[in-house]
Structure formats: C-alpha cells, structure tokens
Amino acid sequence: VNFINEEISSTSSILMSNHHVSDVTNIPLIDGILSNPTFWSISIMLSIVSLLLTWEESIHTIRQKIPPALGPVIDSMLGEISGLGFIGLFLEVFVTGNPGRGLGGVLGDLSGTFLGEEGILLEAFESLHSAFFEVGVGFFFVTGVIVYAVLV
C-alpha cells in the first residue's frame, strides 16, 4: 500500500511540475494576468454584478410587458426565488459552510447524540433544501405555462 501511495504521489508531483500556469498561452503578459489572483477576483465580481443587473433588467422588462392582472403571479414567483435563495444562503453560511462551528456544530452534536452519526442532520437539511428547490422549479414551470397561455 505504501508503494502505491508513493507512486501516486510521485506521479502527481511530476504532472504538477510539468504543467504550470505560465504554460497556458506562451505569451508572458497573458500568462502573468491569468496567474494573478486580483484578475480572477475582479472577473468573478464583474460576473456576479453582470448577472444581477441582467436579472433586475429582466424583471423590469417582464413587469412592463405583462398584463397588470399577472403582476401577483410574478410577485409570487419572485417570492419563491427569494425564499429558496435565503434557505440556500442560510444552509451554506450557518450549517454546511462551517460544520464544526455555529449551527452546523449544534446540528452535528444533536445528530451524533440522538442519531448516532454526526452527518445525518446536515444531510437531512441538504435533502430538504433540494426538495424545496425541485418544488420551486415545478412551481416556476407551471406558472410559466399559465403566463404563456394567458399572453398567447
């Protein structure tokens, strides 16, 4: 077993030493930019801001183009999206993002004490979130069909 572990370790170190970020384009300026963490941080932030602006503009356009009677449907859909987003954020930050501390630690302790294994409640939280997401997708699909049927 040790021989296999050493072989895997040496093979992966050879692979890693042969492929550096600077080998991506053979253009030093571009390779320098691609290996700069600031470039990636700014790129990710600009992507997030672009997605948010696109989302807001889409909502604004939808509200202008639909009949006023469908306004409550759009509000309901947005409420569902907000709820799912909040649940996902809550789970990521307080439960699964840092399982040793905060609510994740409490759930782990409760799960270990009463269910015999620390990860069971965390898995249950994640399963529930997935189920809520699937129900939300179904809701969006059905309301989308209804809105389309009314508009056409």
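For the pair F141 and V145, the minimum side-chain heavy-atom distance is below 4.5 Å. Taking the side chain as every heavy atom from C-beta outward, E57 and L53 never approach each other to under 4.5 Å.
Atom CD1 of I33 and atom OG of S43 lie 10.0 Å apart (nearest 0.5 Å). The distance from the CD1 atom of I30 to the CZ atom of F39 is 10.0 Å, given to the nearest 0.5 Å. One distance of note links OG of S41 with CG of L46; it measures 10.5 Å at 0.5 Å rounding. Remark: S127 OG to L121 CG distance equals 11.0 Å, nearest 0.5 Å. To the nearest 0.5 Å, atom CD of residue E117 and atom CD of residue E123 are 6.5 Å apart.
Linking Ile, Leu, Val, Met, Phe, Trp and Tyr residues whenever their side-chain heavy atoms come within less than 4.5 Å places I27 and W40 in a single cluster. Note on I44 and L52: same hydrophobic cluster, where clusters join Ile, Leu, Val, Met, Phe, Trp and Tyr whose side-chain heavy atoms are under 4.5 Å apart, directly or indirectly.
Within 6.0 Å of CZ in F140 there are more than 12 heavy atoms belonging to other residues, nucleotides or ligands. A 6.0 Å sphere centred on CZ of F132 holds no more than 12 heavy atoms belonging to other residues, nucleotides or ligands.
Judged by distance alone, the side chains of H60 and Q64 do bring a donor and an acceptor atom under 3.5 Å apart.
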Could you give the side-chain donor-acceptor pairs of residues 69-83 under 3.5 Å, partners two or more places apart or in another chain?
from : atom 1 : to  : atom 2 : distance (Å)
D75  : OD1    : R63 : NH1    : 2.9
D75  : OD1    : R63 : NH2    : 2.7
S82  : OG     : L78 : O      : 2.9

